[in-house]
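Below: the structure, in structure tokens.
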Amino acid sequence: MSYDLVVIGTGPGGYVCAIRAAQLGLKTAVVEKRKTHGGTCLNVGCIPSKALLHASHMFEDARDHFADLGIGVSAPALDLKRMQAFKQEGVDGNTKGVEFLLKKNKIDAFFGTARIAAAGQVEVKGEDGSNQVLETKNIVIATGSDVTRLPGIEIDEKVVVSSTGALELESVPKRLVVIGAGVIGLELGSVWRRLGAEVTVVEYLDRILPGMDAEVAKQFQRILSKQGFQFKLGAKVTKVEKSGKGATLTFEPAAGGNPETIEADVVLVAIGRVPYTQGLGLDHVGVQLDNRGRILTDAHFATNVTGIYAIGDVIAGPMLAHKAEDEGVAVAEILAGKAGHVNYDVIPSVVYTFPEVASVGKTEEELKSAGVAYNAGKFPFTANGRAKVNRTTDGFVKILADATTDKVLGVHIIGPEAGNLIHEAAIAMEFGASSEDMARTCHAHPTLAEAVKEAALAVEKRAIHM
Ligand code: FAD
Ligand code: NAI
């Protein structure tokens, strides 16, 4: 069989790349080693985590907030088996959707493990032991990432779990200890806290969510603490020992000092992810990796071997589904002779907790360290009519604009619907808008988006409602 393009991996990077390539007339095939398409994101990442975040948020609302709205319900009972089924139905709907789209675009899908035998040749080993070779002009590697492991700490996906096990728990742990105060730890920690777990987060650094704007992270930590999260910051985990049905975790101050222990029913290891290139045969074909195991690519996603490209979590950059998708589109367009590209300055990121945290562009810390002079405009949700009436006033919008040109350089939101609100900032930044452009754009009343407009007005110290 001979193709213009074979894509390895059908996560958000791979399947989107294949569809765009097929739209542009390339004869395209995909190879996937899971039983379903959609990669980490649809099977064990974005989609199942958001299903559980949604369901657990509804549960907490019904338990703690409905009465305030005059809705009388008896205390909600948790049917975790049904909640997990709700999650799985959502996952299945999404993975089947990808299967349909691949068929619709006449893309040949092969299930099995791919290995690059040589540039232009992909070997597919099926679970049944079958072996076939696909001939192709180009190969795009979109094999994603895997969980980072802690040396000496075995993940059994029952007591010591990765995100995959944390999405599958059959009962609510009484005590959940999360290692790592990053996105996974705080999202999945939120799910189980809402359903009744006592959650303690042990983080190596002295702050949560490294990389996010520090003021936002600080406010977020305060809000999470009010919700019942316990934080042990600046703490290094040295041991996790299984004991009875649970585990004992030992940690000590990162700077050195006396060790402490903490008991857990479940320990979630969420300390990052690593690129996944195992079994691809990269050594053999001579594809270069960087010092963190990521496939090295140039600005056109090309590796050092002609005809082999790579995108998504397996290359440098934020490990986000939408970044992988945009790279998939860009590389397909490049292969079809067009000018595909990704604007890495405008990639939004969202933490889907309550409230949500969303960000696009530079943080204050990044601007300071680059020596860029900027003005900041901030507007709290306590002063936004819609947030007030809905009683979801925790958080604020912060806009950072160049002190000379007023061009928007970064927007950071913590608050209700932050993950949706961030996109007006992303569009504005993509078009090179100034904060005044955002401030002069009429925003419907009463909406949460008015807080974005007010933050833009606040850059020039002329917010109306503050
Ligand atoms: P992947 O989605 O990892 O897909 C790679 C695919 O390649 C896999 O299906 C794998 O089986 C296949 N593969 C690997 N090797 C081979 C081989 N040799 N042969 C054949 N197939 C192979 N990102 C967000 O933007 N928003 C979120 O809300 C979000 N939530 C997340 C929640 C969790 C719990 C996790 C773990 C991640 C989350 N992410 C989220 C990150 C997101 O899942 C990844 O950034 C995204 O999936 C990367 O896409 P990808 O196509 O590069 O790789
Ligand atoms: P992360 O990189 O977001 O956070 C890991 C945290 O663990 C960091 O705070 C780090 O300082 C800490 N850490 C590292 N080693 C440690 C140690 N030994 N002891 C204690 N703490 C330690 O990684 P996470 O949460 O595992 O997520 C992986 C990736 O998945 C992220 O890069 C993210 O991009 C993606 N993701 C995105 C989501 C979203 O967009 N909403 C949701 C979930 C995951």
Side-chain angles (χ1 to χ4, degrees), residues 7-17 30-50 52-53 95 110-116 122-125 140-151 153 162-164 166-167 178-189 201-212 217 232-238 251 254 268-281 310-315 317-325 327-328 347-353 356-358 419:
V7 182
I8 305 177
T10 56
Y15 87 76
V16 168
C17 173
V30 293
V31 187
E32 172 55 56
K33 71 174 191 175
R34 271 176 213 278
K35 290 191 174 64
T36 51
H37 297 299
T40 304
C41 180
L42 273 64
N43 289 283
V44 291
C46 328
I47 295 297
S49 60
K50 268 76 250 180
L52 289 184
L53 278 159
T95 58
F110 296 88
F111 283 101
T113 303
R115 179 178 167 275
I116 304 176
V122 177
E123 232 174 59
V124 184
K125 202 170 249 163
V140 169
I141 303 170
T143 49
S145 60
D146 191 14
V147 174
T148 302
R149 282 149 216 277
L150 262 175
I153 296 173
S162 70
S163 54
T164 303
L167 289 165
V178 180
I179 309 179
V183 201
I184 291 182
L186 301 180
E187 285 189 355
L188 295 182
V201 181
V202 184
E203 162 63 46
Y204 186 78
L205 300 175
D206 59 2
R207 57 164 290 175
I208 67 169
L209 286 182
M212 277 275 182
K232 309 272 183 201
L233 300 184
K236 184 166 85 181
V237 176
T238 53
F251 62 94
L268 165 59
V269 181
I271 57 164
R273 295 182 61 85
V274 284
Y276 185 77
T277 55
Q278 217 174 298
L280 272 175
I311 56 168
D313 278 12
V314 80
I315 69 168
M319 287 182 164
L320 295 172
H322 40 284
K323 176 262 194 188
E325 288 183 42
E327 289 179 341
I347 295 189
S349 75
V350 179
V351 188
Y352 297 88
T353 43
E356 290 181 344
V357 181

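When a ligand or atom number is given, it counts from 1 through the structure's own listing order.
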Check your understanding: Given the rule in the side-chain contact (heavy atoms from CB on, under 4.5 Å) test, do E187 and S163 qualify, once you have shown the distances and angles that lead to the verdict?
Key -> CA-CA 10 Å; E187 285 189 355; S163 54; over 6 Å; no

Candidate with minimal heavy-atom separation from [atom], of [options]:
{"atom": "atom 39 (N) of ligand 1", "options": "G45, C46, S49", "value": "C46"}
{"atom": "atom 25 (O) of ligand 2", "options": "D313, I184, L320", "value": "I184"}
{"atom": "atom 12 (C) of ligand 1", "options": "E325, E327, R34, E32", "value": "E32"}

Part of [X] within contact of ligand 1 (heavy atoms, under 4.0 Å):
{"X": "P12", "answer": "both"}
{"X": "I8", "answer": "side chain"}
{"X": "R273", "answer": "side chain"}
{"X": "L280", "answer": "side chain"}
{"X": "S349", "answer": "neither"}
{"X": "A324", "answer": "side chain"}

Do [X] and ligand 1 have an N or O pair less than 3.5 Å apart?
{"X": "Y276", "result": "no"}
{"X": "L320", "result": "yes"}
{"X": "A321", "result": "yes"}
{"X": "L188", "result": "no"}

Check your understanding: NE2/H322 to CD/E327 distance, rounded to the nearest 0.5 angstrom?
Key ->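 Those atoms lie 11.0 Å apart.
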
Hey, is [X] touching ligand 2 through its side chain, its backbone, both or neither, going by heavy atoms under 4.0 Å?
{"X": "V183", "value": "both"}
{"X": "T148", "value": "neither"}
{"X": "K236", "value": "neither"}

Please could you name the atoms of ligand 2 that [X] approaches to less than 4.0 Å, counting only its heavy atoms?
{"X": "Y352", "answer": "41 (N)"}
{"X": "I179", "answer": "19 (N), 20 (C)"}
{"X": "L205", "answer": "11 (O)"}
{"X": "R273", "answer": "28 (C), 29 (C), 30 (O)"}
{"X": "V350", "answer": "39 (C), 40 (O), 41 (N)"}
{"X": "L150", "answer": "18 (N)"}

Point to revise | Proximity flag V183 to ligand 1, non-hydrogen atoms under 4.0 Å | key: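 So V183 does not count as touching ligand 1.
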
Review point. Does ligand 1 have any atom sitting under 4.0 Å from a heavy atom of K50?
Key: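 In this structure, K50 qualifies as a contact of ligand 1 - some heavy atom is under 4.0 Å.
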
Check your understanding: Just checking, any donor-acceptor pair under 3.5 angstrom between side chains of T95 and N43?
Key ->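 Side chains of T95 and N43: no pair found under 3.5 Å.
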
Review point. Is it true that A270 lies under 4.0 Å from ligand 2, counting heavy atoms only?
Key: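 It does, in that a heavy atom of A270 comes within the 4.0 Å cut-off of ligand 2.
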
Check your understanding: Hey, is P210 one of the residues with a heavy atom under 4.0 angstrom from ligand 2?
Key ->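 Distance cut 4.0 Å: P210 passes for ligand 2.
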
Check your understanding: Does a side-chain heavy-atom distance below 4.5 Å link V201 with K232?
Key ->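 Side-chain contact under 4.5 Å: no.
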
Check your understanding: Hey, is ligand 2 close enough to E203 that some N/O pair sits below 3.5 Å?
Key ->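 N/O-N/O distance below 3.5 Å exists for this pair.
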
